[in-house]
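Taking it in order: structure first as structure tokens, then the write-up.
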Amino acid sequence: MDALATLPVFFKLTGQRVVIAGGSEAAAWKAELLSAAGAMVEVYAPDPCAEMEALAADPPRGHVLLARRAWSAPDFESAALVIGATDDEVEAARIFDAARKAGVPVNVIDRPSFCSFQFGAIVNRSPLVVGISTDGAAPVFAQAVRSRIEALLPAGFARWAAIARAWRMTLLRLELGVA
């Protein structure tokens with residue numbers, strides 16, 4: 001196998017606690033994505049943006065809880081993931097260090113040197129999910145690839161995949177002799 005720049009993995013986040021430090025529009029986008037994955041999102045932000053407020057009022061799946069205060073290191077304990085949203089280099093380093101000390105994977109948005117994992121471009125045809133990464137080298141290229149894959153996999157593919165899942169379960173029960 002050729003070398004990989006990063007290892008693509010998929011986190012099961014349903015019911016898992018994910019912490020976001022910051023309340024910007026970029027943080028709201030990550031909170032929406034994490035909620036859609038079923039995470040229980042806790043946002044620590046003294047002054048969250050309007051998008052975050054709206055998301056907390058109507059999350060796509062997992063709840064989004066707004067704590068209108070700055071984050072502190074104990075907030076990261078037992079979280080599945082930590083996301084930082086800050087333009088300040090010192091604050092980014094503080095978030096990264098606190099998450100690492102808590103033993104939690106961390107991503108400080110648009111700060112690759114303060115990330116233990118990255119978000120890639122996503123094609124969502126759940127249960128089929130395609131992740132695309134350029135390891136930060138060419139995000140525009142990842143978006144172009146995402147667009148091509150989306151064209152190949154129309155939104156209706158999700159219904160087909162759900163039917164295939166049901167058929168698979170039925171076949172497995174038949175093979176095991178379970179009615």
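Keep in mind the model is a prediction, meaning the values are calculated, not measured. Residue numbers run from 1 in the order of the sequence given.
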Sequence neighbours excluded and cut-off under 3.5 Å, please list the side-chain donor-acceptor pairs for residues 136-145, or say none.
| unit_1 | atom_1 | unit_2 | atom_2 | d |
| --- | --- | --- | --- | --- |
| Gln143 | OE1 | Arg146 | NE | 2.7 |
| Gln143 | OE1 | Arg146 | NH2 | 2.8 |

Extract all donor-acceptor atom pairs below 3.5 Å that involve side chains of residues 33-40 and protein atoms in other chains or at least two apart in sequence.
| unit_1 | atom_1 | unit_2 | atom_2 | d |
| --- | --- | --- | --- | --- |
| Ser35 | OG | Arg61 | N | 3.3 |
| Ser35 | OG | Gly62 | N | 3.2 |
| Ser35 | OG | Gly62 | O | 2.5 |

Can you give the donor-acceptor pairs under 3.5 Å from side chains of residues 49-58 to other protein atoms, not counting sequence neighbours?
| unit_1 | atom_1 | unit_2 | atom_2 | d |
| --- | --- | --- | --- | --- |
| Glu53 | OE1 | Arg68 | NH2 | 2.8 |
| Glu53 | OE2 | Arg68 | NH1 | 2.6 |
| Glu53 | OE2 | Arg68 | NH2 | 3.3 |

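Residues Ile149 and Ile132 form a side-chain contact, since some pair of their non-hydrogen atoms from C-beta on lies under 4.5 Å apart. In this structure, Leu81 and Val106 have side chains that are not in contact, with every pair of non-hydrogen atoms separated by 4.5 Å or more. Taking 4.5 Å as the limit, every side-chain heavy atom of Val123 sits out of range of all side-chain heavy atoms of Val129. For the pair Ile109/Ile83, a side-chain contact is recorded, criterion being any heavy-atom separation below 4.5 Å from C-beta on. Annotation: side chain of Val43 is not in contact with side chain of Leu65 (no heavy-atom distance under 4.5 Å).
Residues Val108 and Phe11 do not share a hydrophobic cluster, defined by chaining ILVMFWY side chains whose heavy atoms lie under 4.5 Å apart. Residues Leu4 and Val9 fall within the same hydrophobic cluster, defined by Ile, Leu, Val, Met, Phe, Trp and Tyr side chains chained together at heavy-atom separations under 4.5 Å. Leu171 and Trp160 are assigned to two separate hydrophobic clusters, defined by single-linkage of ILVMFWY side chains at heavy-atom distances under 4.5 Å. Under the 4.5 Å side-chain contact rule for hydrophobic residues, Phe96 and Val90 do not share a cluster. Leu174 and Trp167 fall into different hydrophobic clusters, where Ile, Leu, Val, Met, Phe, Trp and Tyr side chains are chained together by heavy-atom contacts under 4.5 Å.
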Just do the salt bridge (Lys or Arg N to Asp or Glu O under 4.0 Å) check on Arg69 and Asp47 with the steps written out, would you? CA-CA 8 Å; Arg69 64 171 177 82; Asp47 188 26; over 6 Å; no

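By the side chain to side chain donor-acceptor pair (under 3.5 Å) test, Arg159 is found to be paired with no residue, residues two or more places apart in sequence or in another chain being considered. Under the rule for a side chain to side chain donor-acceptor pair (under 3.5 Å), the partners of Glu91 that lie at least two apart in sequence or sit in another chain are Trp71, Arg94. For Asn124, the side chain to side chain donor-acceptor pair (under 3.5 Å) criterion is met by Ser126, not counting sequence neighbours. Partners of Leu176 according to the side-chain contact (heavy atoms from CB on, under 4.5 Å) rule, which considers only residues two or more places apart in sequence or in another chain, are Val178.
Residues Ala80 and Leu13 approach most closely at CB-CD2, 4.2 Å, considering heavy atoms. The shortest non-hydrogen separation linking Ile95 to Ala21 is CD1-CB, 3.9 Å. Shortest non-hydrogen contact noted between Pro127 and Ala162 is CD-N, 4.3 Å. For the pair Val64 and Ala31, the tightest heavy-atom approach, listed with the atom from each and the gap, is CG2-O, 4.5 Å.
Distance check, rounded to the nearest 0.5 Å: CD1 of Ile122 to OG of Ser133 gives 11.0 Å. If you take CZ on Phe114 and CG on Asp97, they are separated by 7.5 Å, rounding to the nearest 0.5 Å. Going from atom CG of Leu152 over to atom CZ of Phe157 covers 11.0 Å, rounded to the nearest 0.5 Å. Separation of atoms CZ (Phe76) and NZ (Lys101) is listed at 12.0 Å; rounding is to 0.5 Å.
Pairs passing the salt bridge (Lys or Arg N to Asp or Glu O under 4.0 Å) check and including a residue from residues 112-140, sequence neighbours excluded, do not occur. Sorted by first and then second residue, the pairs that involve residues 105-116 and meet side chain to side chain donor-acceptor pair (under 3.5 Å), not counting sequence neighbours, are Glu89-Arg111. Residue pairs meeting the ring-ring contact (aromatic ring centres under 6.0 Å, His included) criterion with at least one member in residues 29-70: none, sequence neighbours excluded. Residue pairs meeting the salt bridge (Lys or Arg N to Asp or Glu O under 4.0 Å) criterion with at least one partner in residues 3-27, sequence neighbours excluded, are Arg17-Glu42.
Within 6.0 Å of CG on Asp87 lie no more than 12 heavy atoms contributed by other residues, nucleotides or ligands.
Taking a 4.5 Å side-chain heavy-atom cut-off between Ile, Leu, Val, Met, Phe, Trp and Tyr, the cluster of Met169 extends to Leu172.
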